[in-house]
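Throughout, protein chains are lettered first and strands after them, A, B, ... in sequence-line order, and every chain is numbered starting at 1.
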Amino acid sequence: MASSQHVLLSPAELSYLHSSLSLTPPLRPDGRSPTQYRPLSAETGILPGTNGSARICFADGTEAIVGVKAEVEKTKRRWDDDTIFSENNHHQQQQQQQQQQQEGEEENEGRNNNDEEGGSSDWVELTVEIPGYRDDDSGTVFLGQMLSEALLADGGFVKRLRINRRFHWKLFLDILLISPPLSYPLPLLSLTTHLALLATRLPKLKSEGDEDPFFDDDWAAAPYLYARDPATKRVAERPPVTLLVMAVGGNIIFDPSKEELAVADVVLAVSVGDDAQGKGEDRMDVDGSNPGRNLKLLSIRTVDPPSRLTPPGVANAANSAYGHAQVVNTGANQKMPEARQTESEAVEGVWKPPRGGAKAVVMGALVQKVLVRGGVADEVLDALEGVDTS
Amino acid sequence: MPREAEPSLNEKQFVLQALQDSVRLDGRELEQYRPLELTFGDQYGVADVTLGKTRVLAKASAELTVPYADRPLDGIFNIATELSPMTSPAFEVNRPTETEVLISRLLEKTVRRSGALDTESLCLVAGQKCWSIRVDVHVLSHDGNLIDAACFAVVAALRHFRKPDTSMEGGVLTVYTPAEREPVPLSWLHSPFCVTWSFFGEEGDIAVLDATWMEEQVRSGSCTVSLNQHGEICQIAKLGGVPVEAVSLLHCTNVALVKAKDMSSKLDRWLAEDAKRRDKGGLLAELSAENDRVPDM
Amino acid sequence: MPLDTSTYNLALLRVDGRRWNELRRIHAQIRTQAAADGSSYLEMGHTKVMCVVTGPSEPGPRRGVAGAGGGGGGGGAGGQSKEAEVVVNIVIAGFSSVDRKRRGRGDKRTLEMQSTLSNTLAATLHTHLFPHSQINISLHVLSQDGSLLAALINAATLACVDAGIPMTDYVTACTAGSTSTYAANDEGADPLLDLNHQEEQELPGLTVATLGDSDKVVALVCESRVQISRLEGMLAVGVDGCKQVREILDQVIKAQGQKMILEGTVDKGTGLNDMDLD
């Protein structure tokens, strides 16, 4: 979507933005520091009809709502399950019946049953709605893919949806952008999804083993999808967040606004997770001895920056309006090299859209900056931890 | 996107001014329909309706299929509406315009949701076999009031339609060809008709029935009422447009009922005439076939 | 499961404990969204919708044929017309109903609602003041429990007021129904005001939208089979309900206006005088 967003800035404005963002330290239009996120207000549990929901408003007015709904679904059987269960006399839901028809085909595959604890990425369905865009718009689809990719990257998330060998939860995540898309909504949608998942609860399972699941009616007893530590009320492991980072000149800037994106050299969407396994120490001390989280990198995507589509500026030397009449009077064949020159050479104060790919060094630096302990990702996760998700 | 040429300011002004004086361009009364004509095709289930210069063709067809998983006891009934570029350059293939969406929704609500066709009777084997009835609506010529004409055509086509006879014996489903057994009519419960009012003027105080295309282009609002001859409203759609007094809307529905009853009796008469015509032909053909065979033996 | 109308006859109370002429709780807010020109949040019972208005503004590049609603009252297209085009976009969230049901943007019911809203608002907003422009209204349905179209119309009205788009009067909407099903020709049937989801499923009903506190009907949508004799009662109750809704919405707007004056967001003198002139 970034590439299709229209930025109504003149080449001169773009050039000014680019040079002020390239300063050390960079000067951002809204006065933020390079690693500073926009202030946000957040709340969870706003929709009683869902398993979990959250709403986040950024200070620039952009707002998103995420609702999570869960349904019990029958896991596609593997060949050896047949010998244990007879399926015929169970009440089955409609979509389960449809699946049963497909099972005939599945049976022949004879997959091994080693990944019994694992799940399938079909168990999560994620949709993104951006007002004014069709849901099959490439930008919307790309956003949805980036968000679900982060969630499904390490396979740890779907494991939580397993009920028993025969049933699992199917999770539907509906992500709505409420406000008009003023900035590239990825960070907003990702943070809102993060909170909604934290607030998601699934009914308490009362059945045992592999029998047909039935659940406790008491919603108060329903456990969270992301279990809390009973003593500290803290969430042990947290859903991933996707951060938007861009590089301009030699600077790395987090959570860029629409205008900043318009002059970006490279834009990356980096998804990070909180690696609970590698965390042995007690995380209660929040003061200086805090070693930070063990972050793990889940996915990286480059986002096509809209800067590539911006109109190039014309240097005064080549601009006929400044009285260099000879440029106009020369023949067309001579005009061409002139134009090519302005394309290739960087002139101070003249906007030139970035061409070509990003340098590997820059990419490395971007990822490094995201993953650094006590860095922005840590800060964002800490801030979200402050939101009451109970 | 191609657009229809709009009427000029003068034309608009003229039509509106005339309507203020209760005069219509074609000399009709405000609550008078253009002549409604219906021709049945040679096949069962083809109805060609003309309403003035508006002409709509509807064709019903049936095929055997599997019922939807969530409705194992119901057959399938669909109405497909197509406004082709033949009708107007503003219509493109495969790109439903707002008009097309609204017409198909109105037909769907009028005929399908009001339960005019008994879909349960279309089910042959629960969850396994059912009839899928489909009506294709083609607008051949557009001179306003497509909805009323299309609705009449759909109802006429469905009531005229005969589906192949079937029988169930010992779990074996047999579908008979027309030669083996006479096809049977659909199980039809009631015949709803659409009556569309057009409102003119800032206040919406001029209400006109059966507007022509020119009138439709200058109208400030419309309201479609669907009723059957038993005085049941199947659907009302006044989708925005100029505000109209609630009392005049009630008057509109009462007049619409008269029109719907009128259409209903017309359709009954035409169906009876067609049945008579076919019956005679059918019987003669059968007799002659038998007579032909006798000398051979 | 058929609605047990016998209990209604016994105590004259509906499934949710209301009497025949009672609205559900309406809770509304305006100016909920800082980035938009106008915004509102409206709850009618458990039906919850959000509305965001942008514009009147220069028409953007046309995206999504199916997504865009219909044209303005004059029927002009795009930026060429003499009146602003009202483009309505409805997003029904997947989590809004009890069983998750996904509706694509191409869903005809949603398209019909979009077109209804667009034509309803075009008739009320003074679109002729904004030639060659576009008013974008996006509505988000967060929770559904009957009377959806009515809630959408009310929310859109509030958001348009918040956006400061001149309009003739409030367009308010509500639903009305009748206690007897279409099959029974029961003359003793009571009309009902403001149907919830269960009543909407079981009983005949209609949605009516009126202009201001007049009896003028802007939109009237009936999607169920009902005896013609029942229409008058339902329409009367519906129109009366619209007036009640108008009072509630008016209070919401006035409360917000008062708050803004107290906060000093608007200058008291000019703001109030302008209101009086109208």
J.: Relative to chain A, which segment of C:T54 carries a heavy atom at a distance below 4.5 Å: side chain, backbone, both, or neither?
T.: side chain
J.: Who among A:C57, A:P180, A:G67 has the most heavy-atom pairs with chain C under 4.5 Å?
T.: A:G67
J.: For chain A, which residues of residues 31-46 of chain C have at least one non-hydrogen atom nearer than 4.5 Å to it?
T.: C:T32, C:Q33, C:A34, C:A35, C:A36
J.: When you check the side-chain N and O atoms of C:N89 and C:N136, is any donor under 3.5 Å from an acceptor?
T.: no
J.: Using a strict 4.0 Å threshold on nitrogen-to-oxygen distance, state whether C:R24 and C:D16 make a salt bridge.
T.: no
J.: Using ring pair (Phe, Tyr, Trp, His ring centres under 6.0 Å), reason through A:F157 and A:W169 one step at a time and then give a plain yes or no.
T.: CA-CA 12 Å; A:F157 180 71; A:W169 288 105; over 10 Å; no
J.: Among all residues two or more places apart in sequence or in another chain, which pass the side-chain hydrogen bond (donor to acceptor under 3.5 Å, both in side chains) test with A:D216?
T.: none
J.: At a 4.5 Å cut-off on heavy atoms, which part of A:S179 comes close to chain C: side chain, backbone, both, or neither?
T.: both
J.: Just wondering, are more than 12 heavy atoms of other shown residues or ligands nearer than 6.0 Å to CD in C:E263?
T.: yes
J.: When you compare the side chains of A:T200 and A:N51, does any donor N or O come within less than 3.5 Å of an acceptor on the partner?
T.: no
J.: For C:E112 and C:S115, test the side chains for any donor-to-acceptor distance below 3.5 angstrom and give the result as yes or no.
T.: no
J.: Does any heavy atom of chain C fall under 4.5 Å from the side chain of A:L176, the backbone, both, or neither of them?
T.: side chain
J.: Find out whether A:E71 and A:F172 are in side-chain contact, i.e. whether some heavy atom of one side chain is under 4.5 Å from a heavy atom of the other.
T.: yes
